[in-house]
Amino acid sequence: MKLADKSCALEEAVSRIGVGATVMLSGFGVPGTPFALIRELVRQGPKNLTIIKNDANEKGMGVDHLLAAGMVKKLIVTHIGLNARAMAMMNAGDIEVEFCAQGMLAERVRAGGAGLMGFVTDIGLGTELAEGKTRVELGGREGVLESALRADVALIHAARADTFGNLCYAAAARNFSPLMAMAADRVVAEAEVVVAPGGIVPEEVHTPGPFVDHVVPLGALGEEYGVVRRA
Amino acid sequence: MKLADKSCALEEAVSRIGVGATVMLSGFGVPGTPFALIRELVRQGPKNLTIIKNDANEKGMGVDHLLAAGMVKKLIVTHIGLNARAMAMMNAGDIEVEFCAQGMLAERVRAGGAGLMGFVTDIGLGTELAEGKTRVELGGREGVLESALRADVALIHAARADTFGNLCYAAAARNFSPLMAMAADRVVAEAEVVVAPGGIVPEEVHTPGPFVDHVVPLGALGEEYGVVRRA
Amino acid sequence: MSDVRDRMVARAAREIARGMVVNLGIGLPTRVIDHLAADFPVCLHTENGLSGIGPTLPYEQADRNLIDAGGAYVSTIPGSAFFDSAVSFALVRSGRLDLTMLGAFEVAQNGDLANWKIPGKFSPGAGGGIELAQKARRVVVLTTHVDRKGNPKLLEQCSLPLTATACVNRVFTDMAVVDVAEGRFHLREIAEGLSVADVVKATGAGLIVPEGELPRF
Amino acid sequence: MSDVRDRMVARAAREIARGMVVNLGIGLPTRVIDHLAADFPVCLHTENGLSGIGPTLPYEQADRNLIDAGGAYVSTIPGSAFFDSAVSFALVRSGRLDLTMLGAFEVAQNGDLANWKIPGKFSPGAGGGIELAQKARRVVVLTTHVDRKGNPKLLEQCSLPLTATACVNRVFTDMAVVDVAEGRFHLREIAEGLSVADVVKATGAGLIVPEGELPRF
């Protein structure tokens with residue numbers, strides 16, 4: 001046996017994202033955001049997207065390009081405070097925004113990736129986050145039902161990949177990547193370095209290859225991937 | 001800042017497991033089973049234990065010692081077919097056995113470790129595994145409620161640990177370890193190799209140190225850890 | 001292994017398409033590995049936490065930490081990955097497992113499968129079989145056509161506790177290849193030396209037999 | 001940072017006991033790091049996926065992939081570990097976080113905390129604050145005693161949407177250290193140069209003042 005080669009060109013990997021698709025984007029701030037895949041998505045331009053991501057990035061970066069291009073119908077996020085455009089579009093009613101507690105977003109995505117329908121938690125009880133959610137009693141305690149999230153496509157940034165799709169993430173760039181890489185019908189990973197199978201030690205794989213459909217090798221990294229100097 | 005030293009002697013690490021405790025044991029067959037910790041538990045001898053483990057090991061190994069010593073009240077497992085004593089004690093009513101589908105046991109333990117109350121799944125619908133479980137409708141589909149599992153103590157086998165409790169598992173010995181290491185009030189890890197903090201690359205940690213209470217260095221490995229020749 | 005079982009396993013191996021992710025159950029299904037070419041692109045999964053299973057190893061060469069779910073000592077290949085049990089079943093339940101091959105006590109004509117429990121006689125627990133049967137994209141069964149007493153295993157209804165409902169797509173036996181579709185068994189292929197009447201007689205439910213000559217294996 | 005705020009942060013740092021796992025929120029709480037000795041055993045956690053945070057780095061030395069949840073470029077120390085967001089909040093929710101220090105818009109005398117939303121004005125989303133507030137074993141708040149308009153932040157009841165109910169154990173302000181217990185605020189310590197009357201006046205709820213001299217910070 002050998003393992004399949006899933007190497008794919010940038011344009012083709014992104015080409016099957018249609019109008020109205022639900023797209024998960026990895027990343028927490030800059031680390032882990034698949035900037036190259038997002039730029040290609042902007043170039044191809046499908047509208048009415050539902051974007052699931054921790055945050056909306058900052059001005060001129062990542063998700064902000066999708067917002068600027070008018071491609072976003074809805075954001076499912078935990079925090080958009082660093083993107084004034086997202087805040088303004090939300091307040092103007094140009095986009096819908098669904099906020100999740102950060103660990104709840106992580107778990108909802110993971111539940112989708114784990115083939116579960118949802119989970120029961122006490123997080124948010126007594127606050128407006130629990131409003132409108134189904135109450136469930138379990139083991140004598142009250143909780144709310146949180147539903148699983150899945151996407152048509154997940155766009156993931158990896159530090160290293162092999163051509164079968166085994167992925168490794170660097171430092172805090174891991175964040176939502178292993179979760180989203182399980183939770184979409186089509187998973188596209190851009191990788192800074194792509195090696196042949198065997199180039200990653202099996203114990204050190206963060207996302208196993210069977211979850212990944214396409215591996216896109218990145219050339220030189222664009223400016224967006226660098227250190228952000230806010231001062 | 002530096003990180004705490006959680007090194008602990010075998011006897012002390014196991015000493016707080018009392019009569020009637022619920023104990024998680026890592027391992028799937030031989031790989032990952034904490035044989036040294038189990039032997040010490042047998043030596044100390046608390047009775048009426050509820051054991052949560054994938055399987056009951058084989059004759060003369062691991063869980064079988066606990067069964068032979070009459071220390072087990074209940075097993076929560078996925079499969080005990082390789083342990084005739086466990087089958088016989090179950091059939092004789094000497095122990096209670098709760099069977100879970102394997103992925104359901106993994107998820108129930110993980111839910112406990114993730115501080116969730118439970119989850120909703122369609123696994124087992126239409127079979128006796130779903131009998132007696134609460135039905136829940138979510139997103140127009142029917143599922144059953146599975147409750148989270150937690151333990152008083154989890155006994156874990158690691159290939160490598162640092163003194164802060166960061167753990168790495170070898171090959172297929174990983175199985176339930178990272179899940180159980182999150183799901184107990186007290187987590188004890190035995191490790192084949194113990195290094196100083198910094199001896200494990202942060203990206204390669206399988207269980208982060210904050211989940212672990214005690215690290216027990218193993219000396220030479222006993223026979224139970226070796227290759228089993230069944231022929 | 002008898003000649004016909006070997007041919008059955010070889011035939012079942014052709015069920016595996018290029019690039020699939022496949023889980024092979026304990027017993028006959030595991031032997032399918034021997035019929036896969038070294039350069040055939042397939043990713044074998046075992047539920048105890050490995051994708052990319054390599055050849056089974058003799059004890060002398062075994063890694064004590066590297067077993068499959070049946071306890072056999074296996075090896076890795078370039079591109080293998082290890083993961084925990086939650087990730088392993090996430091893969092199964094979320095639709096990333098293209099095919100599983102399982103054993104069976106009984107298969108019903110609606111695709112119900114019973115393969116884990118004989119009440120009062122054999123109740124070792126289901127292990128990972130429940131989720132493999134319920135969630136693999138395609139479920140094929142490898143089994144003898146009849147049990148040791150000569151009773152059919154392909155039935156109108158299962159009498160034993162179910163592993164999963166309406167999950168089996170195809171059955172490979174030592175007598176025939178039978179598809180499960182629209183609530184009926186459909187005979188597709190037949191073992192060398194047998195007649196259709198032999199297969200019909202050994203089957204405990206109606207068997208739809210197509211016109212013309214059937215392929216032999 | 002003003003002198004009194006610096007003393008308040010230094011005082012808050014003494015809240016951290018040896019061996020604790022601690023999450024420091026954005027803003028004032030993060031500055032607590034500067035008051036921890038290099039050999040003090042503490043594990044700092046950030047919810048974007050790191051245990052064992054090391055010193056903050058200037059841009060020139062920063063690793064582009066190594067930020068804390070507030071976006072600051074941080075470093076690792078021997079024994080640091082990276083993990084995904086699900087594991088990170090598993091740690092928080094399952095009781096492995098001994099202490100979190102958070103900012104606040106409002107704290108109520110029953111321990112309710114509001115720190116994430118001002119309807120109509122500021123609704124950026126809660127990030128990880130909900131779970132930190134609800135699930136850390138001990139929640140302390142670092143805040144000015146009054147807001148920019150001079151209105152008290154310690155109140156009988158919160159008027160803003162809650163982050164979590166009955167979660168705050170202690171409040172460090174630029175005027176006092178106040179405990180929350182049994183539904184009331186308890187004055188514990190007081191900033192140099194202030195009188196008890198100053199604190200009482202700036203507090204929007206009853207304040208239980210113990211007999212005798214109060215410790216100063």
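Letters go in sequence order (proteins before strands), and every chain restarts at 1. These figures come from a predicted structure and were not determined experimentally. Worth knowing before you read on, the calculation uses all heavy atoms, side chains too, and leaves out hydrogens, waters and symmetry mates.
The parts of C/Phe82 that come within reach of chain B are both its backbone and its side chain, each placing non-hydrogen atoms under 4.5 angstrom from that chain. Looking at C/Ala133, neither its backbone nor its side chain comes within 4.5 Å of chain B, counting heavy atoms on both sides. Using a 4.5 Å cut-off between heavy atoms, C/Leu50 makes no contact with chain B at all. For B/Leu75, no part lies near chain C; criterion is any non-hydrogen pair under 4.5 Å. With a 4.5 Å cut-off on non-hydrogen atoms, C/Ile130 touches chain B through its side chain but not through its backbone. Contacts between C/Ala164 and chain B at a heavy-atom distance below 4.5 Å involve the backbone alone (N, CA, C, O). The contact between C/Thr163 and chain B is made entirely by backbone atoms, counting heavy-atom distances below 4.5 Å. Both the backbone and the side chain of B/Ile80 come within less than 4.5 Å of a heavy atom of chain C.
Judged purely by atom type and a 3.5 angstrom limit, B/Tyr169 has no side-chain atom pairing as donor or acceptor with the backbone of C/Phe83.
Per-residue counts of heavy-atom pairs under 4.5 Å with chain C were compared for B/Asp122, B/Val109, B/Thr121; the largest is that of B/Asp122.
A 4.5 Å side-chain heavy-atom check between C/Gln134 and B/Ile123 finds at least one atom pair inside the cut-off.
Heavy atoms only, all atoms of each residue included: B/Gly81 and C/Pro124 are closest at CA-CB, 3.5 Å.
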